[in-house]
Participant: 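Structure below; questions to follow.
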Amino acid sequence: MKNFCLFSVLVSLIAISGAVFTSCSSSEHSSKIVKVYGCEPQRTLIPGDTQETCGGNVVDAVFSGLVAYNKDGSVKNEVAESIVPDSSNKVYTIILKKDWKFSDGEVVNADSFINPWNFTALSTNAQGNQAFFEIIQGFDEVSSENPKVKTMSGLEKIDDFSFKVTLKEPSVTFPLRLGYSAFYPVPNSKFNSNGELDLTYGDKPISNGPYVVENWEKDQIISLRKNPLYSGSYKPKNEGIDYVIYSGGAAAAYSDVQSGSLDLLEQLPQSQIMSFKVDSQVTSFSEPSPLFRSIQIAGDYDHFGFDEEGQLRRQAISLAINRSDIINKIFGDSASLPVGYVPDNKLISGAKEKVDGNEILQYNPELANEKWQQADKIRKFENPKLDIYYNADSGEKAFFEALTNSIKDTLKIESSAKSEPDKKSLLNLEQKHEVKGAYRAIWQPDYPSIENYLAPIYSTVAIKTGANYSAFSNKQFDDLLYSAATSPTIDQANEKYIEAESMLFKYLPSIPTYVPEISAVGSKDIKGVEFNWKGIPDYTSLYK
């Protein structure tokens, strides 16, 4: 193996970051509860099983990981005192700070990470974030269909406050992942002697972050309150956060912001997108985001597989979408055209403005029809139809109607926008491959790297253990991801990731549609509104 030159850079970054960032004092601010827009989590709040934003926003507020991310996407230590790689970036020694406790007083130690990591990786536990541990030595054994072992050989406890992680192959980006929820700690008291987690834990988790879950009334409200035992760098300026869940979606929430009964809404209804910036009843916020929007078609959907016919039809659909016209009419300046599978965002390591092959995202009616006719020569599509499903609480009805109209008008096929009640309902159908057509797909990054827009969504391993709901599988693509992950520097890794991203334009496992801006409104009383590198509000900075 080569000696990796980024070793000293990573060590320096991790070593100095804790000294640069200081805690925020909350003494000068009001102690009121802040009410924000929320949505019902698909599952419970177990970190290793939470992989969507409704639950993820809550989990991120109540847990703290080994590292945290600054607003610019850079990494700083949180629970970790140090994270030191060996000369090959294959073995990482992690030393913990000794002053961290869970909200019930239990000390956060090495087992607080080792136990949940092993539990999440074990196939029989069917945890949503299992794929994130694929990089660790011994994952293949515990993730097999009938595992004979329950723990990964790559996790080695050194003492109560230090452990060693051995990877299957060198990875210079491994420390970037460690602030994601899959890697959060869980109290040892919630595991039995066989390493099994009490699954009721996810209803009201004991946590180590800025907040604790005080109450969760399903489909109504999730109430968080300040964690008095929290010792990290995000001291809340409020006494707590109430995530108010609206069955009617964002439209009703917007009215509540106008009246002052809701403090912050980060998902605007379509009816307000063009006017929220001049609405005198609210305070508006707008800035670039790292969010990604697409439509996805499962690989087993008839006529739209990943064979030659399916590739041509997917390409035809992409070319039939007049993105520029739709975005201008529906979103105005609150969204932009996609440049690829990764938004052109300076906060994301590796993001580029131009990726080879992205001309397939340009509106071209003639080429779209040519591709469709070529597909028909391979296999005739009788009474062609492609419905696109979305969740009604997204507020994007007008967008999906415009999208399907563009496809229908260009290709002269049947295409309609179909709604599911909420995001949870649609996601359940996606994961079971029960959507009869295309469907709305969104991605909010887990960690600030181009890798995170590719591996968890399109790698073969992510079909069973990640978010690859289209079941796209391509050895050349997987090999590029592997080559990138084992590169000696982040820059060299990103070159390989960009090559892999370019491959996706041929197969189009998902079809990029637009990149939303951060568009949010707050009540006249809310202060301290800031958005983190993920485009999500920093809830700890809010106060009234």
Side-chain angles (χ1 to χ4, degrees), residues 36-69 78-79 102-103 112-113 115-123 125-134 177-187 190-191 197-219 221-224 227 241 243 245 266-267 291 391 422-428 430-431 441-447 452 455-457 462 464-469 532 534-537 539:
V36 303
Y37 179 76
C39 48
E40 182 68 14
Q42 183 194 24
R43 306 181 185 182
T44 62
L45 302 174
I46 296 173
D49 201 32
T50 301
Q51 57 179 166
E52 41 75 41
T53 55
C54 297
N57 289 346
V58 178
V59 166
D60 286 342
V62 300
F63 285 92
S64 290
L66 292 166
V67 303
Y69 305 110
E78 186 74 344
V79 180
F102 288 100
S103 51
S112 308
F113 292 92
N115 286 336
W117 291 13
N118 277 323
F119 179 84
T120 304
L122 186 62
S123 61
N125 293 325
Q127 296 293 282
N129 284 321
Q130 182 192 25
F132 283 90
F133 296 94
E134 192 270 340
R177 306 179 181 209
L178 296 178
Y180 176 54
S181 59
F183 298 95
Y184 287 162
V186 172
K190 294 302 175 181
F191 291 90
L197 177 65
D198 176 3
L199 297 182
T200 63
Y201 169 75
D203 292 323
K204 192 176 182 181
I206 297 165
S207 54
N208 71 320
Y211 299 98
V212 295
V213 177
E214 180 183 77
N215 183 47
W216 179 4
E217 294 182 43
K218 305 290 179 160
D219 297 308
I221 192 170
I222 302 175
S223 298
L224 310 185
N227 178 4
I241 301 292
Y243 293 90
I245 300 167
E266 77 210 58
Q267 181 176 298
L291 306 179
N391 46 299
D422 50 36
K423 185 177 179 181
K424 183 172 91 170
S425 302
L426 181 59
L427 188 56
N428 286 335
E430 293 172 28
Q431 293 173 340
I442 66 175
W443 190 253
Q444 174 188 301
D446 307 307
Y447 51 93
N452 186 242
I457 318 174
K464 289 186 176 181
T465 62
N468 187 352
Y469 307 136
N532 62 22
K534 297 171 74 170
I536 299 301
Y539 296 111

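Heads up: numbering here begins at 1 and tracks the sequence.
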Participant: Which residues satisfy the salt bridge (Lys or Arg N to Asp or Glu O under 4.0 Å) test with Glu40, sequence neighbours excluded?
Facilitator: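 Partners of Glu40 by the salt bridge (Lys or Arg N to Asp or Glu O under 4.0 Å) criterion come out as none, since no residue qualifies.
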
Participant: Under the rule for side chain to side chain donor-acceptor pair (under 3.5 Å), what residues qualify as partners of Gln130, not counting sequence neighbours?
Facilitator: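 So Gln130 forms no side chain to side chain donor-acceptor pair (under 3.5 Å) with any residue.
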
Participant: Can you tell me how far the CG atom of Asn118 sits from the CZ atom of Phe191, to the nearest 0.5 Å?
Facilitator: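 Taking CG in Asn118 and CZ in Phe191, the distance rounds to 9.0 Å.
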
Participant: Working to the nearest 0.5 Å, report the span between CH2 of Trp216 and CG of Leu224.
Facilitator: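 Answer for the CH2-CG pair, Trp216 versus Leu224, is 11.0 Å.
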
Participant: List in chain and number order the residues that pass side chain to side chain donor-acceptor pair (under 3.5 Å) with Asp203, two or more places apart in sequence or in another chain; answer none if no residue qualifies.
Facilitator: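 Asp203: no side chain to side chain donor-acceptor pair (under 3.5 Å) contacts found.
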
Participant: Would you give the length of the straight line joining atom NZ of Lys464 to atom CD of Glu134, rounded to the nearest 0.5 angstrom?
Facilitator: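 If I round to the nearest 0.5 Å, the distance is 13.5 Å.
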
Participant: Will you find, in the side chains of Asn428 and Ser425, an N or O donor that is under 3.5 Å from an N or O acceptor?
Facilitator: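 Ser425 and Asn428 do not have a side-chain donor-acceptor pair below 3.5 Å.
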
Participant: What distance do Ile457 atom CD1 and Asn452 atom CG have between them, rounded to the nearest 0.5 Å?
Facilitator: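 Ile457 atom CD1 to Asn452 atom CG measures 7.0 Å (nearest 0.5 Å).
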
Participant: Just one of Gln431, Lys424, Glu52, Gln51 clears the side-chain hydrogen bond (donor to acceptor under 3.5 Å, both in side chains) bar with Gln42, so which one?
Facilitator: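 Exactly one option meets the side-chain hydrogen bond (donor to acceptor under 3.5 Å, both in side chains) with Gln42, and it is Gln431.
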
Participant: If you compare all heavy atoms of Ser181 against all heavy atoms of Val59, which two are closest, and at what distance to 0.1 Å?
Facilitator: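 It is CB-CG1, 3.8 Å.
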
Participant: Report the residues that fulfil side chain to side chain donor-acceptor pair (under 3.5 Å) with Lys534, sequence neighbours left out, ordered by chain and then residue number.
Facilitator: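 Expected list: Asp60.
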
Participant: Name all residues meeting the side chain to side chain contact (heavy atoms under 4.5 Å, CB included) criterion together with Ser207; count only those two or more places apart in sequence or in a different chain, and write none if there are none.
Facilitator: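 Val62, Phe63, Ser103, Val212.
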
Participant: Angle class for the Phe183/Trp117 ring planes (parallel below 30°, perpendicular above 60°, tilted otherwise)?
Facilitator: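 Ring orientation, 0 to 90° scale: perpendicular.
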
Participant: Specify the closest pair of heavy atoms between Val58 and Leu45, including all atoms of both residues, with the distance to one decimal.
Facilitator: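 Scanning both residues completely, I find the closest heavy atoms to be CG1-CD1, 3.9 Å.
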
Participant: Drop me the distance from Asn208's CG to Asn227's CG, to the nearest 0.5 angstrom.
Facilitator: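 Interatomic distance, Asn208 CG to Asn227 CG, rounded to 0.5 Å: 8.0 Å.
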
Participant: Is there a donor-acceptor contact under 3.5 Å from the side chain of Asp198 to the main chain of Lys190?
Facilitator: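 Looks like no, no N/O pair under 3.5 Å.
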
Participant: Show your reasoning for whether side-chain contact (heavy atoms from CB on, under 4.5 Å) applies to Asn57 and Glu266.
Facilitator: CA-CA 12 Å; Asn57 289 346; Glu266 77 210 58; 4.1 Å; yes

Participant: Among all residues two or more places apart in sequence or in another chain, which pass the side chain to side chain donor-acceptor pair (under 3.5 Å) test with Asp219?
Facilitator: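 Asp219: no side chain to side chain donor-acceptor pair (under 3.5 Å) contacts found.
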
Participant: When rounded to the nearest 0.5 angstrom, what distance separates CD1 in Ile245 from SG in Cys54?
Facilitator: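 Going from the CD1 atom of Ile245 to the SG atom of Cys54 covers 8.0 Å.
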
